[in-house]
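Have a look at the structure below before the remarks.
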Amino acid sequence: MSDFLEILTHGRRFKAAVKELSLNDLKELAVKLDKIIEEKASQEAQEQEALAERNAKIEEIRKQMEAIGLSVDDIGGAAIKAAPKKRAPRPPKYQIEVDGEMVQWTGQGRMPTVFKNQLDQGKTMEDFLI
């Protein structure tokens with residue numbers, strides 16, 4: 001799809017892509033593009049109208065709150081949730097030394113190849129516990 005958009009938005013590429021189309025085909029293409037442009041413009045106008053309506057309502061509520069003597073802190077102080085905290089990374093549970101380098105694994109996710117190779121040679125996971 002990105003190749004299509006690249007051709008469509010680049011003048012010379014677009015011209016080269018449509019050079020084999022007849023005049024009637026190009027006119028039909030122009031009509032379709034005009035229809036899409038009109039739909040997009042209409043959609044954006046509706047979104048702008050909805051945004052303006054929303055902002056007007058917010059301003060109206062703000063004025064009502066001001067008249068009563070309320071602030072945003074009075075209303076929404078407890079309603080605002082803090083962002084969830086990330087958990088700490090899991091500590092490694094297994095480790096093995098390979099060519100002087102320590103390879104550690106938490107036991108979660110896909111098993112590293114070095115552990116799999118050692119298991120195939122007859123060792124058990126308990127041999128690698130930290």
Side-chain angles (χ1 to χ4, degrees):
M1 187 65 179
S2 63
D3 290 338
F4 171 73
L5 288 176
E6 206 171 296
I7 291 170
L8 189 62
T9 56
H10 192 274
R12 281 185 268 161
R13 287 184 178 176
F14 183 67
K15 188 174 181 180
V18 298
K19 73 178 179 182
E20 295 182 14
L21 293 177
S22 68
L23 184 60
N24 287 336
D25 290 340
L26 285 173
K27 286 181 180 180
E28 287 177 17
L29 180 64
V31 168
K32 290 176 183 177
L33 281 174
D34 285 339
K35 184 178 179 183
I36 291 171
I37 290 169
E38 288 174 11
E39 289 173 357
K40 186 75 168 181
S42 172
Q43 181 182 10
E44 285 185 11
Q46 287 176 351
E47 289 173 359
Q48 288 295 325
E49 186 178 311
L51 183 63
E53 193 175 305
R54 179 179 183 271
N55 288 339
K57 287 181 182 179
I58 290 172
E59 185 62 25
E60 181 183 331
I61 292 170
R62 189 187 62 73
K63 287 180 181 177
Q64 289 175 355
M65 288 174 53
E66 195 174 283
I68 298 172
L70 291 176
S71 70
V72 175
D73 295 333
D74 295 334
I75 293 175
I80 299 173
K81 281 188 174 180
K85 295 180 181 178
K86 288 188 174 182
R87 66 170 180 80
R90 295 184 188 272
K93 189 174 179 181
Y94 306 101
Q95 87 179 16
I96 186 172
E97 185 175 342
V98 179
D99 299 330
E101 183 181 339
M102 295 302 281
V103 177
Q104 295 181 333
W105 182 46
T106 62
Q108 298 288 314
R110 192 172 185 168
M111 182 184 292
T113 308
V114 291
F115 288 100
K116 192 174 258 190
N117 292 342
Q118 292 294 321
L119 289 175
D120 290 344
Q121 292 177 7
K123 293 196 176 187
T124 64
M125 287 306 291
E126 286 78 30
D127 297 335
F128 308 119
L129 282 173
I130 296 179

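Please read these numbers as outputs of a predicted model, since none were measured by experiment.
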Please step through side-chain contact (heavy atoms from CB on, under 4.5 Å) for the pair Met111 and Met125, ending with a clear verdict.
-> CA-CA 11 Å; Met111 182 184 292; Met125 287 306 291; 4.2 Å; yes

If you round to the nearest 0.5 Å, how far is CG of Leu33 from CG of Leu26?
-> 10.5 Å

Does the pair Glu53 and Lys57 meet the rule for a side-chain contact (heavy atoms from CB on, under 4.5 Å), with working shown?
-> CA-CA 6 Å; Glu53 193 175 305; Lys57 287 181 182 179; 3.9 Å; yes

Tightest non-hydrogen contact, residues Gln104 and Pro92, listed as OE1-CG, 3.3 Å

State the CD1-OH distance between Ile130 and Tyr94, to the nearest 0.5 angstrom.
-> 10.0 Å

If you group Ile, Leu, Val, Met, Phe, Trp and Tyr by side-chain heavy-atom gaps below 4.5 Å, do Phe4 and Phe14 land in one group?
-> yes

Test side-chain contact (heavy atoms from CB on, under 4.5 Å) applied to Trp105 and Val114, step by step | CA-CA 10 Å; Trp105 182 46; Val114 291; over 6 Å; no

Rounded to the nearest 0.5 angstrom, the CZ-CD1 distance for Arg12 and Ile7 is 14.0 Å

Output the distance between atom CD (Glu28) and atom CG (Leu23), rounded to the nearest 0.5 Å.
-> 10.5 Å

Of all residues at least two apart in sequence or in a different chain, which pass the salt bridge (charged side-chain N to carboxylate O under 4.0 Å, His left out) check with Glu66?
-> Arg62

Neighbour count >12 (heavy atoms, 6.0 Å) for atom CD, Glu20 = no

Let me see the working for Lys93 and Thr106 under side-chain contact (heavy atoms from CB on, under 4.5 Å), right down to the final yes or no.
-> CA-CA 5 Å; Lys93 189 174 179 181; Thr106 62; 5.6 Å; no

Sub-4.5 Å side-chain heavy-atom contact between Gln121 and Lys123 | no

In Å and rounded to the nearest 0.5 Å, what is the CE to CD1 distance from Met102 to Ile96?
-> 9.0 Å

When you look at CD of Glu59, are more than 12 heavy atoms from neighbouring residues, nucleotides or ligands closer to it than 6.0 Å?
-> yes

Which value, rounded to the nearest 0.5 Å, describes the distance between Glu47 atom CD and Ser42 atom OG?
-> 10.0 Å

Should Leu129 and Val98 be counted in the same cluster of Ile, Leu, Val, Met, Phe, Trp and Tyr side chains packed under 4.5 Å apart?
-> yes

State yes or no: do Val18 and Leu5 share one hydrophobic cluster built from I, L, V, M, F, W and Y residues joined by side-chain heavy-atom distances below 4.5 Å, directly or via other members?
-> yes

Is Glu101 atom CD crowded by more than 12 heavy atoms from other residues, nucleotides or ligands, each under 6.0 Å away?
-> no

